[in-house]
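One structure below.
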Amino acid sequence: DVRDAIKLAKFQVGEANKSVEAVLTEQIYAAAYGASSSMGRPFFSASASPYEIASFRSKGYGINGAILTATGIADHDGFCAEVESLLAESPVGDSSAAPTPEYLGGEARLSAPSAGYAHVALAFEAKTPGPIQNILKHCYALAEKESGASTFSTGDLVGVYASAPSEGVGSLAGIIMDTMSTSLDSELIAKAKTLAKA
């Protein structure tokens, strides 16, 4: 089963790496949080060994992460004691709190000369993720309507993406900077709120 799962994972990684959006998203997180941090490491990884998979499972999945429900129990305390005795030998996962990655900011590049296109994304940490982040994404989307760029919001990041043939790469910086530096007036924010609600 593990061998089959690894083969499937490698196929899925190959498919994901054909997507510019997936590759850019991974590069953005590596630049934002550092490539060796928990947030900067690739989501799509083809290098996991059976030992690493087993180690991940034993750390993350255990009886302390399980939920048991039952109905029609007359003696609640007796039932709990019985369950505890039956599950006493079950593995317990790592209960320590996951480290909170620190937003660093930075840049990452990936060369793909055969593509003939340059893809650029610029993102910033959303200090208040959630509805405000979604509204900000729509503000950028309204601002860049004519430029051909597109906006995105992923995790705690919000930003702008643009692409151009390699010979026209000089125009990308202007497109992205014009979008990101747009003045957010009340009319634009009202429109963005409506789009976010929709």
Side-chain angles (χ1 to χ4, degrees), residues 5-48 53 56 98 100-182 184 188 191-198:
I6 289 174
K7 283 181 185 177
L8 176 60
K10 286 182 177 179
F11 170 76
Q12 291 172 331
V13 169
E15 292 299 301
N17 285 334
K18 293 177 186 176
S19 164
V20 172
E21 288 79 8
V23 173
L24 269 178
T25 299
E26 296 212 327
Q27 291 294 309
I28 279 177
Y29 273 96
Y33 296 99
S36 61
S37 73
S38 58
M39 291 285 281
R41 286 194 294 271
F43 180 76
F44 297 99
S45 174
S47 61
I53 294 169
F56 171 80
T100 303
E102 181 185 356
Y103 177 79
L104 304 171
E107 62 96 25
R109 300 175 190 211
L110 188 64
S111 177
S114 62
Y117 259 76
H119 303 270
V120 179
L122 177 65
F124 294 95
E125 183 184 31
K127 293 293 185 184
T128 52
I132 293 177
Q133 180 180 351
N134 197 19
I135 291 168
L136 184 58
K137 180 188 85 165
H138 285 293
C139 284
Y140 289 145
L142 290 167
E144 52 72 39
K145 236 176 190 175
E146 306 301 319
S147 68
S150 59
T151 59
F152 63 89
S153 174
T154 174
D156 291 346
L157 302 176
V158 61
V160 176
Y161 158 81
S163 63
S166 298
E167 63 271 13
V169 73
S171 65
L172 292 181
I175 290 171
I176 290 175
M177 292 311 296
D178 287 348
T179 301
M180 297 297 273
S181 59
T182 299
L184 303 180
L188 185 69
K191 287 180 181 177
K193 283 182 178 179
T194 302
L195 288 171
K197 288 175 185 176

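If you're wondering where the values come from, they're calculated on a predicted model, not measured in any experiment.
A distance of 7.0 Å separates CD in E26 from CG in N17, rounded to the nearest 0.5 Å. For the atom pair CD1 of I135 and CG of L188, the computed distance is 11.5 Å after rounding to the nearest 0.5 Å. Between Q133 atom CD and L157 atom CG the span is 7.5 Å, to the nearest 0.5 Å. One distance of note links CD of E125 with CG of L104; it measures 9.5 Å at 0.5 Å rounding.
The shortest non-hydrogen separation linking I6 to I53 is CG1-CD1, 3.8 Å. Smallest separation of non-hydrogen atoms from A141 and T151: N-CG2, 3.3 Å. Scanning all heavy atoms of the two residues, the minimum distance from A22 to A16 falls at CB-O, 3.5 Å. Of all heavy-atom pairs spanning S37 and G34, the tightest one is OG-O, 2.9 Å. A164 and S171 make their closest contact through CB-OG, 4.4 Å (heavy atoms, listed as atom of the first residue, atom of the second, distance). Heavy atoms only, all atoms of each residue included: L195 and H138 are closest at CB-ND1, 3.7 Å.
At a threshold of 4.5 Å between non-hydrogen side-chain atoms, the residues D156 and Y33 count as touching. Counting only heavy atoms from C-beta outward, the side chains of L136 and L184 approach each other to under 4.5 Å. With contacts defined as side-chain heavy-atom distances shorter than 4.5 Å, the pair F152/I28 qualifies. In this structure the side chain of F44 never reaches within 4.5 angstrom of the side chain of Q12, judged on heavy atoms.
Among residues at least two apart or in separate chains, salt bridge (charged side-chain N to carboxylate O under 4.0 Å, His left out) pairs with a member in residues 101-116 are E107-R109.
Applying the salt bridge (charged side-chain N to carboxylate O under 4.0 Å, His left out) rule to K7 yields no partners; only residues at least two apart in sequence or on another chain are considered. Applying the salt bridge (charged side-chain N to carboxylate O under 4.0 Å, His left out) criterion to K10, with sequence neighbours excluded, gives no partner residue.
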